[in-house]
Amino acid sequence: MLDFFRMVTPALDAFLTERLNSAQKDAVVAPNGPLLILAGAGSGKTRVISYRIAYLAEELKVAPEAILGVTFTNKAAGEMKERVAGLIGPRAKAVALGTFHSICARWLRRYISRIGYEASFTIYDDDDQLSLLKRLYPDAGLNPKQFTPQAVRSEISRAKEKLYTPADYSRTAESPLEYAAASLYRRYQDGLQEANAVDFDDLLVLTLRLFDEAPDILQRLQRQYRHVLVDEYQDVNKAQYLLVKQLADEHRNLTIVGDDSQAIYGWRGANVKYILEFEHDFPDCRIVRLEQNYRSTKTILGAARAIEAGLGQRHMKELWTENDTGHPITVCRARDERDEAAFIAREIERLHADGYKFGDFAVMYRMNSFSRAIEEAFIRRRLNYQIVGGPRFYERREVKDVVAYLRLINNPADTVSLERVINVPGRGIGETTLDQLREWASALGVSVPHALAMLQEAEGDGAPALRVAPPFSDRAARQLVGFQSLMNDLRAAAELEGLVELFDRVIRRTSYADFIRAEKGGEDRLQNVHELRTVVSDYAGMDAGAGLRAFLENVSLFGGADVMKDSSETVTLLTLHSAKGLEFPVVFIPGMEDGILPHSRAQGNADEMDEERRLCYVGMTRAMRLLYLIHCETRTVFGTPRLADPSLFLTSLAEDSLRFVDSYGMAANPVGGGPSAVRSWSGSATRVAPGQRKSLGPLVRPGTEISSPSLRGYPGAATLSPGRSQAPPLAPPPVAAAAKYSQGDRVRHASFGDGTVVESVLTRRGEEEVKVTFDEKGMKVLLGALAPMEILARAS
DNA sequence: TAGTATTTAATTTTT
DNA sequence: TTAAATACTA
């Protein structure tokens, strides 16, 4: 029978009232049945889910193992687990909390034999997918140049997200790409199964297939999970939607939390419609809106709402806040990307002098390529920064190599891993030999790993003769057999010894350390291998085999677990996408230009334009106290400088909440309040470049007509003219240097105790091309301001 | 087979 | 511009 709505006891009510606002409380104690929580940015969403789980377990006496909480990221799952543990203690461990993928993987490990895979299946990442795909082109009679593996992979992924089988997909194929993808999709899926491997999409799709083909299992899970809670529901795709729906079908205790205004993963197959249509799926659902924002100033929230208001379809909610009005939003017009980056660096230094910590700042850009200019400016000023979402640990070549050995030990059928390591380190098994091996395997009608095993067995005494004679040269055959025996030895060892011992054995038997040290960047790479060993040592206590399996699972599903350093001493650089869920006191958004945000690829597509808008909204709502929106007059795209118009998101903001400045923080384009008011706020330019001009006139003088396209769209711009004073160079040219040194000279600016060396070459334009060396890792930077200290080399 | 020259393409990326 | 992937040469 259903649980009846439990009255909240006065004591509990008091407890909750102290910690939650009334909407939050409603959400936490909502009765059984479908529940839609529309949680605006900064409205305490995580808190509400955690409290609701705690409430279910503590007050309604729902067994923790009967609660399933689903998130999109491991980080979100981790945070939630922590908060629930803080509320109900160790019992929280029994709550099933995880990502869609990790939860599905767990179920599949248990039940996948029901649909024709083995429990030891390997999970392929994007890279592995590509390797597999590339192998299939010749067989499909296709040219990877015409339809790139990347494009095909994304087609296949889209198809899987929509639950199209290869047959479904080929029926709907229309374009040439789709025909090609259809033919590869079928082979790809066969290839996966042959390798006993699944890709990320399969984790969801195969779970659905399992539910379909083994209804008893679905039923068991449905009964087990009396409450299902899903976070970030605006980002679910069709497969995830169906999973949730099926799981909750028995008890109908489904809580979903999300914000359609923050849906930014449509391009990955997510569909906002599932949150927008939740009420149709569950007409009896209860809706709670979390509309009070605890994060941002009134000004920032107001501007974000103005952006949000331009969306086509959305759930209505009215975000509000009791926070201060705060400062106006600073809109900076910079000359170019260097100027833009310099502005950010200067502003950070200025605010730091005012008491902000470096960890309070974040720079959020639309494209990763923006990070470079910013990094250069930061390095130049020796500002500490960290980039979120750079190359992941587990995606590094050396790490993937070693992991591939471990995977191959665990799953001998794993073709992709086998082909990855069979000649790494080099064993003289080149492309020719590998091709022969593939061909021979297909002649025998077996997989590559299987063929290799047969070849080795044929060496032994009394082995049956091979049906098709191996085509290899003696040398190649010896190498192949040698590799296979190596793998067999390692597999035997894996049965007996712990993971750390096995890891060391792999490294030793393959001489991997020597190999990688000899590569470029070898010491760093070797360091990564050592780091991987540290990760491995966490599994030291486990049984042989179990440790290996647990390790491989984590590698696949926790993809490097991007450790964002919690340091309060580094500025954070990240994309707008990866900013979701975070908050910072001060946020800079560069590239507020037409074609960047909204991105040019979204032009002309209403849905994609909406998504760009939501992306802008996400970025702005990350800011707690100060928000900077920056655009350039000129932006260099692929080497060619182009005039850039301000973003329509910029020009549609209410003027009275903005302050316009140039890249020195000086008032520019004085609309509304006039220049003096702005100038008094915007601080002095003295910190900018010591010894240089202390003040600049406004970039734009009131007066005549507008002619520059980059001014179009600014509020009030029509009455202004671009009669600007001569823009100063970004930083002073090295005046003193110019007299003493000549073009082509190599000079040293500084060297630091930590091994950092700043040196440069004077170039034609009076700029300097600078090389900053951090312990061996060279980095080229453009620099203007530092005075050279000594000449290292004269141009001849 | 490995290293070097040329060609090509360039949003976002929770798992 | 640049980075990566492919083609070409020693």
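Each chain gets a letter, A, B and so on, in the order its sequence line appears, and its residues count up from 1.
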Strictly under 3.5 Å: I want the nitrogen or oxygen pairs between protein and nucleotides 1-4 of chain B, one per line.
| residue | atom | partner | partner atom | Å |
| --- | --- | --- | --- | --- |
| B:dT1 | OP1 | A:Gly430 | N | 2.4 |
| B:dT1 | OP2 | A:Glu431 | N | 3.2 |

ask   = Hey, is the side chain of A:Ser102 poking within less than 4.0 Å of OP1 or OP2 on B:dT15, counting only N and O atoms?
value = no
Look at the side chain of [X] and decide which nucleotide, out of [options], has an atom nearest to it.
X        : options                : result
A:Thr99  : B:dT15, B:dT14, B:dT12 : B:dT15
A:Glu608 : B:dT15, C:dT2, B:dT11  : B:dT11
A:His577 : B:dT12, C:dT2, B:dT15  : B:dT12
A:Arg268 : C:dT2, B:dT13, B:dT11  : B:dT13

message = Under the rule for side-chain hydrogen bond (donor to acceptor under 3.5 Å, both in side chains), what residues qualify as partners of A:Ser261, not counting sequence neighbours?
response = A:Glu308, A:Lys317
remark   = side-chain hydrogen bond (donor to acceptor under 3.5 Å, both in side chains) filter on A:Asn271, not counting sequence neighbours, yields none
task = Establish, yes or no, whether a centroid distance under 6.0 Å links the rings of A:His577 and A:Trp267.
result = yes
inquiry  = Taking the ring of A:Phe72 and the ring of A:His101, is the distance between their centroids below 6.0 Å?
reply    = no
[X] [atom1] - [N] [atom2] separation (whole Å):
X        : N      : atom1 : atom2 : answer
A:Glu376 : C:dT1  : CD    : C1'   : 11 Å
A:Arg153 : B:dT15 : CZ    : P     : 16 Å
A:Phe72  : B:dT13 : CZ    : C1'   : 13 Å
A:Leu576 : B:dT11 : CG    : P     : 16 Å
A:Tyr365 : B:dT13 : OH    : P     : 9 Å
A:Tyr394 : B:dT15 : OH    : P     : 13 Å
A:Glu232 : B:dT15 : CD    : C1'   : 14 Å
A:Tyr265 : B:dT13 : OH    : P     : 7 Å

Quick one: do the [X] and [Y] side chains pair a donor with an acceptor below 3.5 Å?
X        : Y        : value
A:Glu375 : A:Tyr385 : yes
A:Glu232 : A:Thr71  : no
A:Glu155 : A:Tyr185 : no
A:Asn528 : A:Glu398 : yes

Test of understanding: with side-chain contact (heavy atoms from CB on, under 4.5 Å), list the residues that count as partners of [X], not counting sequence neighbours.
X        : result
A:Gln246 : A:Leu208, A:Phe211, A:Leu218
A:Pro471 : A:Gln436, A:Trp440
A:Ser473 : A:Arg475, A:Ala476
A:Ser154 : none

request  = Please state the P separation for the pair B:dT12 and C:dA5 - nearest whole angstrom.
outcome  = 15 Å
note = In numerical order, the residues of residues 598-606 of chain A whose heavy atoms come under 4.0 Å of DNA chain B are A:His599, A:Arg601
inquiry  = What contact category does A:Phe100 fall into here, base, sugar-phosphate, or nothing, at under 4.0 angstrom with non-hydrogen atoms?
reply    = nothing
task = Assign A:Asn368 to base, sugar-phosphate, or nothing according to its heavy-atom contacts below 4.0 angstrom with the strands shown.
result = sugar-phosphate
request  = Report the glycosidic orientation of B:dT6: syn if within 90° of 0, anti in every other case.
outcome  = anti
ask   = A:Tyr365 vs A:Phe370 aromatic rings, parallel, tilted or perpendicular, using cut-offs 30° and 60°?
value = parallel
query = Applying salt bridge (charged side-chain N to carboxylate O under 4.0 Å, His left out), which residue pairs with at least one partner in residues 102-112 of chain A are found, sequence neighbours left out?
reply = A:Arg109-A:Glu553
remark   = Residues pairing under salt bridge (charged side-chain N to carboxylate O under 4.0 Å, His left out) where one sits in residues 234-244 of chain A, two or more places apart or in two chains, turn out to be A:Asp235-A:Lys580
inquiry  = Assuming nearest nucleotide by heavy-atom distance, tell me which of A:His101 and A:Ile264 is located more 5' along DNA chain B.
reply    = A:Ile264
message = Generate the contact string for nucleotides 4-10 of chain C. Rules: B means base contact, S means sugar-phosphate contact only, - means no protein heavy atom under 4.0 Å.
response = ---S---
Watson-Crick and G-U pairing of DNA chain B written in dot-bracket, each distance under 3.5 angstrom, with | for inter-strand partners = ||||||||||.....
